[in-house]
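All residue numbers in this chain count up from 1 along the given sequence. The model shown is predicted, which means the values in this text are computed figures rather than measured ones.
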Amino acid sequence: MASQGGRGAMSRGGLASPGRSGAALPLPLPLHLPLPLAADRKREALSAGALLQPIIKDVGEIYSRLLDHRPVIQGEIRYFVKEFEEKRGLRELRVLENLKSTIFEANENILPKCEQSMHDNLNKVLKKLQASNNMIHRLQEREREERKLQADKLMADEENRIAQWESFMKEQQNKQAEVDEEHRKAMERLKEQYSEMEKGLDKYISF
């Protein structure tokens, strides 16, 4: 009977709470609202939820943009993978293969041809440079000889002019001595003549 009473109490008031004596006491029964009021409350709750739903969505977007960086990182990762795996494909490998073939072609064919061509052309250029150098040395030697001949000629002409000047000066000195001697003799003759003329005048004065 007690179990039936307990079941009846549970069916009426929900779960039973133990009392002080250990017996199960019935909980207070929930208040039953009138149906129109409950419907209004339900509609208000639904309208409040509908109003809060955009706010909650905006708050979630703001949180995801400001604090949750996983979508950005995942988007960057997907973009990186798309750019470097899907779009580019094996382009770097093809570029490396082309470079390898180009380097192999250069090492096997182009470089030996260039080396041989450079060797041949440089030998020709070296021979021409040697011939030009020898020609320049000959021209320089000839120019030095001509300069030496000109210097010797100038020196000989200078010595000849000096000798001629000395001979001229000696000749002039000799002529000057001769003129002086003739002038001296002429003066002596004039003195003698004047002295004789004075003696002759003295004779005429004595008469």
Query - Interatomic distance, K175 atom NZ to Q172 atom CD [nearest 0.5 angstrom] - result: 5.5 Å
Requested in this report: Report the hydrophobic cluster partners of W165, with the cluster defined as I, L, V, M, F, W, Y residues connected by side-chain heavy atoms closer than 4.5 angstrom, directly or transitively.
Outcome: F168, M169
Query - Residue list, side-chain contact (heavy atoms from CB on, under 4.5 Å) with V179, at least two apart or on another chain - result: none
Report task. Show which residues join I103 in its hydrophobic cluster (side-chain heavy-atom contacts under 4.5 Å, direct or indirect), or state none. Result -> none
Query raised in the report: Where the side chain of S167 meets the backbone of A163, is there a donor-acceptor pair that is under 3.5 Å apart?
Result: no
Query - Contact check, side chains of E158 and R161, non-hydrogen atoms, under 4.5 Å - result: yes
Query raised in the report: Which residues satisfy the side chain to side chain donor-acceptor pair (under 3.5 Å) test with N134, sequence neighbours excluded?
Result: none
Report task. Check salt bridge (Lys or Arg N to Asp or Glu O under 4.0 Å) between E145 and all other residues, then give those that pass, not counting sequence neighbours. Result -> none
Query - Those residues that, when tested against R144, pass side-chain contact (heavy atoms from CB on, under 4.5 Å) (two or more places apart) - result: Q140, E141
Query - Spatial distance of atom NZ (K128) from atom CG (N133) [nearest 0.5 Å] - result: 16.0 Å
Query raised in the report: What residues, two or more places apart in sequence or in another chain, satisfy salt bridge (Lys or Arg N to Asp or Glu O under 4.0 Å) together with R142?
Result: none
**Report entry** Nearest atoms (heavy-atom pairs only) where P112 meets A106
**Finding:** CD-O, 4.1 Å
Report summary line: Between the CZ atom in R147 and the CG atom in L154, the distance rounded to the nearest 0.5 Å is 13.0 Å
Requested in this report: Walk me through it: do L96 and K100 pass the test side-chain contact (heavy atoms from CB on, under 4.5 Å)?
Outcome: CA-CA 6 Å; L96 292 175; K100 181 180 178 182; over 6 Å; no
Query - Value rounded to 0.5 Å, distance of CG in L122 from NZ in K127 - result: 12.5 Å
Query raised in the report: Looking at CG of L139 and CD of E146, how far apart are the two atoms once the value is rounded to the nearest 0.5 Å?
Result: 9.5 Å
Report summary line: Contacts satisfying ring-ring contact (aromatic ring centres under 6.0 Å, His included) that involve residues 99-148 (not counting sequence neighbours) are none
Query - Residues K148, D152; criterion side-chain contact (heavy atoms from CB on, under 4.5 Å); working and verdict - result: CA-CA 6 Å; K148 186 177 180 181; D152 294 340; 3.8 Å; yes
Query raised in the report: Is it true that atom CD of E115 has more than 12 heavy atoms of other residues, nucleotides or ligands lying nearer than 6.0 Å?
Result: no
**Report entry** Any residue meeting side chain to side chain donor-acceptor pair (under 3.5 Å) with N109, in chain and number order, not counting sequence neighbours
**Finding:** E105
**Report entry** side-chain hydrogen bond (donor to acceptor under 3.5 Å, both in side chains): pairs with one or both residues in residues 186-198, sequence neighbours excluded
**Finding:** R184-E188
**Report entry** Pair E166 + K170: basic N to acidic O under 4.0 Å
**Finding:** no
Query - R138: partners by side chain to side chain donor-acceptor pair (under 3.5 Å), with sequence neighbours left out - result: none
Query raised in the report: Sequence neighbours excluded, which residues qualify as side chain to side chain donor-acceptor pair (under 3.5 Å) partners of S117?
Result: N121
